[in-house]
Each structure stands twice: as structure tokens, then as C-alpha cells.
Amino acid sequence: MNHEKLTRRRMLQSAAAGAALGAWGFPVQPASAARAPADLTILEPVSGAVLNHRHGRQTSDGLTIRVVGQARRGDRVTVNQVACRVEGTRFEGEVVLRQPETDLLAVAEGAGPSREDRVRVVWDRYSEPRYRFSIDDNSFFLRDIAQKNYRSLFDCFYLKMLRDLHAKYGAKFSVNIFYTAADDAKVATGTDFKISQFPDRYKGQWRDNSHWLKLAFHAYANMPDRPYQDVPPERLVADLDLVAAEIRRFAGEESYAPPTVIHWGMTRRTALAPLFRRGVRALSGYFVNHGRGWDINYGWDDAHSEYLSRHNAWKDFESGIVFSRIGIVCNSVPLERIAAVLEPLAKDPNTAEIMDLFTHEQYFWPFYFHYIPDHARRVDRAIRWVTERGYQPVFFHEGLLGGRV
Ligand SMILES: [Zn+2]
């Protein structure tokens, strides 16, 4: 991250006339960060933007998008050698994307030396409306099955509920698990359930259902809060490896998925490369600002977090990971508000294509102090809403956020 360039761009943005440009440009490619002078800037699209048919005109030939920026008054501007329209200090041009990733190179010529700015964007060429359902903080159902020694996995009401939703809607579930179900005190004394105690005798059943039910690492335990926000990446990766080995042991390779949500959505930036090497291709977060700064955002700065708060996706080229903004957290939204939360997402071209649906396991269990009696109905309502509007179920660890590549 080049803070100098970010500051410059943000200053440009605040100086730009009109809100139409929004908070657009920010640096992503370190290679280009030092090159662009202050008086030529591509503002839209941003570097890392994930663009689909809703962002331009798509034909078999490519996706034609609009490129907007600022240049010195009087300069001639091209983007990828196509002449742009210049009005005052604002330029606008069109570029056809034909590759999965494309560099947009703006060149300005006039008095003095020529200037360049560059961003890179992703074309989600085969994009179709899709949804992913992720359930975080799982441990109780594994403890329940291990303790009750059920004949079938689906004798556990929780997995039966998920299977019923699969049967009804074709829904797929990413179930993100802890190593232990223990609370703080029991982690210390080692007296509560660990997934190393889970038997491998259901392996066949896991495999038979692995086309719609995947298990992934989420954290070592529910507590402490924000366990990976400020720890060395080695700690995160060690916990991931521990859980991944257990999933493979008791459920088999077909049921294993690399994580797509880390507990609390907070890691050090240095954790991203090791996570990528473990197969991580997508990470979801809230990218929310409740007035005390951006949070649940994997530590991304204000500009990136604000962008993600209004877009489905953004790619960090440095790590290769695509970040996704969670669209709804079912345990936080009353049943009658589910549609009202999803509707605006489906109307905005920047959030309409990919629905990142989400909830937490705890709230399904009557013994939990925040038990939500209608939790299953909320999940059903959200999945029904997207299903009726043509969204297809996907897993985010596959393809480009579940889309064909
Ligand atoms: Zn969590």
C-alpha cells in the first residue's frame, strides 16, 4: 500500500466537482504507484474492480466499459491507445475488456512531459446471478453428533435442517468450524469437545453430501474475540492446518474447502499470502463502519473498505485473493426484514450479481443464551428470496466467487 498515492487520490477526489465520481481511485499495484503524477488519475474503475455484464456492454467480443479520470486542463488523453473525450480536467473513454484481467493505461500529452496512470481490473466474463450461504462459528453440531453417537449425521436437527433446505432449494452450505466447542475457561483446562474426538465412521455420508455441504476452517475457538487480528500469520496457518487435517480425517477430501471467512474477518495483511498458498481465493467480511472506523474488514484501509461496502467484490492483486462483502447476517435481521435487506442489493448493479448470505451456528441451539427461535425460518426466507429471483447456489472457493472462469 502506497499511502502517499492514496492521500493524493483522496485529495483529488474531494477536490473533484460533484459527487458523481465518488470515492473511486486507490492504489493497488505497487509497480505503478510511484509513476503517476498528481495531474493524471484514473478514477473509475478502481484497480481491483471486478466487472461483469452489469458494468458495461457485453458481447461475444468483450465487455465495453467506461473509464473516467482527471487530467491537466488542455491535455490529450488516451486509455489503452483509444482517444478519450476531455472536458476541462475530466476525461472519459471506453475500453473493451477481452482478458480475465486487463491493465488500463492512461496517457496524457500536452505541454511538458507526458503522463501515465494505470489500474488493473478483473472481467467476470461468465458471471451469472449467484449466491453463497456461509455459516460461521460451528462446533455445537459436531459435539452433538459425537456425544449422541447418532446412526446418521442427519439425526442431528441442525444438519437435517440444512439438508431440508438443500432438498427444497438446491442450497449449498459452507460450514466454517472451530477446533473446539469450548468456552474460554474450558480451552484453558482442555475439558470440552475437540474435533479430534469426532469419529470417522460418517465419512461415507459426508462424501455423499459433499456436493452441497462443505466444511472449512474458521478459528481454533469462539473465544477470544478477534483471535487473528494481530497475531503472526504462523499462528493462523497452524490453526488452519490443525482443523483442515481433522476435516480430512473424519469427512474426507471431497468435503473439505479452504476457508472463505476467518473468525471476526480480521487478519494481518501478511497473513494473506500464506492463506493463498493454503488455497484461499476468497474472503468475506462485513466492511462496516458504525462510526468508529471501518471494521470486520481484514484490516483494509478506509478507501478499500468504503469501496467494498458498496460493491460485491474487489481483488487484491498482491495476494491474489478476492474480497467479498457479506450481504445479510440472518441472525441479526428479523424475519420480516429479510426481503427489505436483500431488495436494495438486487437493484444496485454493483451488488446485484453475487449474494453473500450468512449466519452463525450458535443461534440455532436452544441452550445458547441468544437462541433465536425463528432462525431457521430466517435462513429459509433469505434462500427462498434469492432462489425465486434466479440466483444459483455456489461455493466461493471455486472459480471466481463461485462463477465459471
Ligand atoms: Zn466467526
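Values reported hereafter were calculated over all heavy atoms of this structure, with side chains retained and with hydrogens, waters and symmetry mates removed. First listed ligand is number 1; within each ligand, the first listed atom is number 1.
Ion pairing of Asp241 with Arg278 is present here, as a side-chain N (NZ or NE/NH1/NH2) and a carboxylate O approach within less than 4.0 Å. Between Asp155 and Lys160, no side-chain nitrogen of the basic residue sits less than 4.0 Å from a carboxylate oxygen of the acidic one, so the salt-bridge criterion is not met.
Counting heavy atoms of neighbouring residues, nucleotides and ligands inside a 6.0 Å radius, atom CZ of Arg235 does not exceed 12 of them.
No option in Tyr368, Tyr363, Phe364 other than Phe364 meets the ring-ring contact (aromatic ring centres under 6.0 Å, His included) test with Tyr158. No option in Phe193, Tyr371, Phe367 other than Phe367 meets the ring-ring contact (aromatic ring centres under 6.0 Å, His included) test with Phe140.
Distance check: Leu345 CG to Glu353 CD gives 13.0 Å after rounding to the nearest 0.5 Å.
Distances from the Zn ion (ligand 1) under 2.8 Å pick out these protein N/O/S atoms: Asp137 OD1, His218 NE2, His263 ND1.
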